[in-house]
Asks: 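Dumping the structure here so I can ask a few things about it.
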Number of protein chains: 2
Amino acid sequence: MTPGGEHTTRARILEVAEAFLGECGYHGTRLHLIAQRVGIQKASLFHYFPSKEGLYRAVLEESVGQTEETVRRVLEAQGTPFDKIRTLLESYVDMVAAHPARTKILLRQSLGDAPSEPPHTNDSQRLLDVIVQFIRDGQQAHAFEAIDPVALVLGIVGMVAFFFTSAPVLAPAWCGDPWSTGHAERVKHHVVEVVERCLTPTERPHAAARRATA
Amino acid sequence: MTPGGEHTTRARILEVAEAFLGECGYHGTRLHLIAQRVGIQKASLFHYFPSKEGLYRAVLEESVGQTEETVRRVLEAQGTPFDKIRTLLESYVDMVAAHPARTKILLRQSLGDAPSEPPHTNDSQRLLDVIVQFIRDGQQAHAFEAIDPVALVLGIVGMVAFFFTSAPVLAPAWCGDPWSTGHAERVKHHVVEVVERCLTPTERPHAAARRATA
DNA sequence: GTCTATATAGGGATAGAC
DNA sequence: GTCTATCCCTATATAGAC
């Protein structure tokens with residue numbers, strides 16, 4: 001109950017649970033292993049969280065909130081549209097790289113690895129809308145090429161998630177340690193290159209205008 | 001044991017198991033539900049497969065084999081490098097769209113949702129190498145821009161998987177029914193556009209040559 | 001708040017009849 | 001080959017002492 005008191009055991013449980021949920025998924029996560037790594041007994045978990053599902057939701061909420069804050073902060077900063085896009089991509093990759101388990105949890109969650117009910121679709125929806133609207137504005141100002149913004153954003157999110165979760169399994173030689181700064185930099189470089197190629201306007205404005213109305 | 005006899009119950013079990021494994025993951029899949037949907041008793045499953053893990057591996061093998069065959073067939077056909085890339089992308093998206101559960105299983109599997117040991121890393125590795133080598137050849141012939149081929153392929157695989165699994169959850173309004181032909185066509189169009197922008201050589205060959213050695 | 005001990009349930013796997 | 005019945009283990013969750 002005391003505000004300061006929550007900063008020890010409860011936070012530690014969330015931290016450990018996040019790691020296990022990312023690595024093993026909801027069904028694969030065993031409470032006794034969480035308790036063991038925290039250094040408490042399994043039954044003590046139920047003093048801090050009402051159930052396994054409650055713990056899961058608490059982990060999710062902390063993750064989504066931070067992502068949203070980061071994206072909004074970048075888009076509200078100063079700079080040209082291309083500057084913002086580049087900064088947004090780099091911040092996003094940094095964030096993914098800094099929280100390995102979170103990305104896996106979000107991927108699993110959208111795969112349906114949930115207790116039962118869909119938790120926070122609205123949050124993700126709003127977040128997506130913010131970025132899509134930013135790209136649309138840039139396109140109407142002829143700063144960006146007229147490519148489908150929703151497809152672009154969704155594709156990039158999937159790409160980045162894949163680079164940090166699945167790719168190390170499929171191509172370990174290329175990825176090396178996926179949580180090293182080297183891998184994050186390589187991903188950043190590639191993603192920025194792809195997006196810039198997709199958003200750089202075609203030389204003649206006629207072509208861009210034609211595509212936009214097609 | 002009889003070759004013809006395997007085509008009824010065993011095949012049906014594989015089919016149902018694939019659906020459950022995709023939807024619920026390995027840990028979330030319950031054998032009694034598979035048996036129930038097939039219309040047999042749970043114990044009868046163990047007549048066809050040695051264990052839950054054995055059934056899982058059987059499902060995986062069938063999936064990987066078909067993917068590999070499709071990719072090789074496209075790459076061995078006639079046509080320009082750009083023709084092949086476009087056909088490869090379209091065939092790949094078609095295949096993903098035709099087997100919803102398979103994509104989810106592969107995604108889950110690379111997330112670590114496996115019985116314990118890594119099943120078929122070598123197969124995926126070989127498959128990836130085939131495509132990467134094709135792109136490298138095109139780059140050395142100056143038909144393709146000098147972008148990192150491994151990153152490109154991995155990114156596209158992740159993008160497509162995401163479009164068919166996670167995106168419908170994050171952006172249901174944009175995706176509609178993810179297994180309709182409309183969604184598959186939209187994904188195809190976008191992926192082809194992105195890849196062509198990434199592989200189209202820069203006007204001056206000097207730039208491409210510079211990048212290749214950088 | 002943390003522990004030990006236990007209740008309760010579910011699911012993978014086996015035995016053996018038919 | 002398919003069934004019924006059961007073993008056995010594990011995992012969530014609870015009860016109650018300290």
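Order of the sequence lines fixes the chain letters, A, B, ..., with proteins taken first and strands second; residue numbering starts at 1 for each chain. Values below: every heavy atom of this structure, side chains too, minus hydrogens, waters and symmetry copies.
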Asks: Salt bridge check, Arg57(B) against Glu61(B): does any charged N sit closer than 4.0 Å to a carboxylate O?
Replies: no

Asks: Assign each of His32(A) and Pro50(A) to its nearest nucleotide of DNA chain D by heavy atoms, then name whichever residue's nucleotide is nearer the 5' end.
Replies: His32(A)

Asks: Is the distance from OP1 or OP2 of dG1(D) to the nearest side-chain N or O of Ser44(B) less than 4.0 Å?
Replies: no

Asks: Take the protein atom CZ of Arg30(B) and the nucleotide atom P of dA13(C), then report the distance between them rounded to whole Å.
Replies: 12 Å

Asks: Taking only the side-chain heavy atoms of Ala43(B) (C-beta and beyond), determine which of dA13(C), dT4(C), dC3(D) contains the nearest atom.
Replies: dC3(D)

Asks: Can you say whether a donor on the side chain of Lys42(B) sits under 3.5 Å from an acceptor on the base of dG12(C), or the other way round?
Replies: yes

Asks: With a 4.0 Å limit, can you tell me whether Tyr48(A) has a side-chain N or O closer than that to the phosphate oxygens OP1/OP2 of dT2(C)?
Replies: yes

Asks: So how far is it from Tyr56(B) OH to Phe49(B) CZ, rounded to the nearest 0.5 Å?
Replies: 14.5 Å

Asks: Nearest-Å distance, CD (Gln41(A)) to P (dC3(C))?
Replies: 5 Å

Asks: Taking CG from Leu55(A) and P from dT12(D), how many angstroms apart are they, rounded to a whole number?
Replies: 11 Å

Asks: So which heavy atom on Leu152(B) is nearest to which on His190(A), and how close?
Replies: N-NE2, 3.5 Å

Asks: What is the distance, rounded to the nearest whole Å, between atom CG of Leu45(A) and atom P of dG1(C)?
Replies: 15 Å

Asks: With a 4.0 Å cut-off on N to O distance, would you call Asp94(B) and Lys188(B) a salt bridge?
Replies: yes

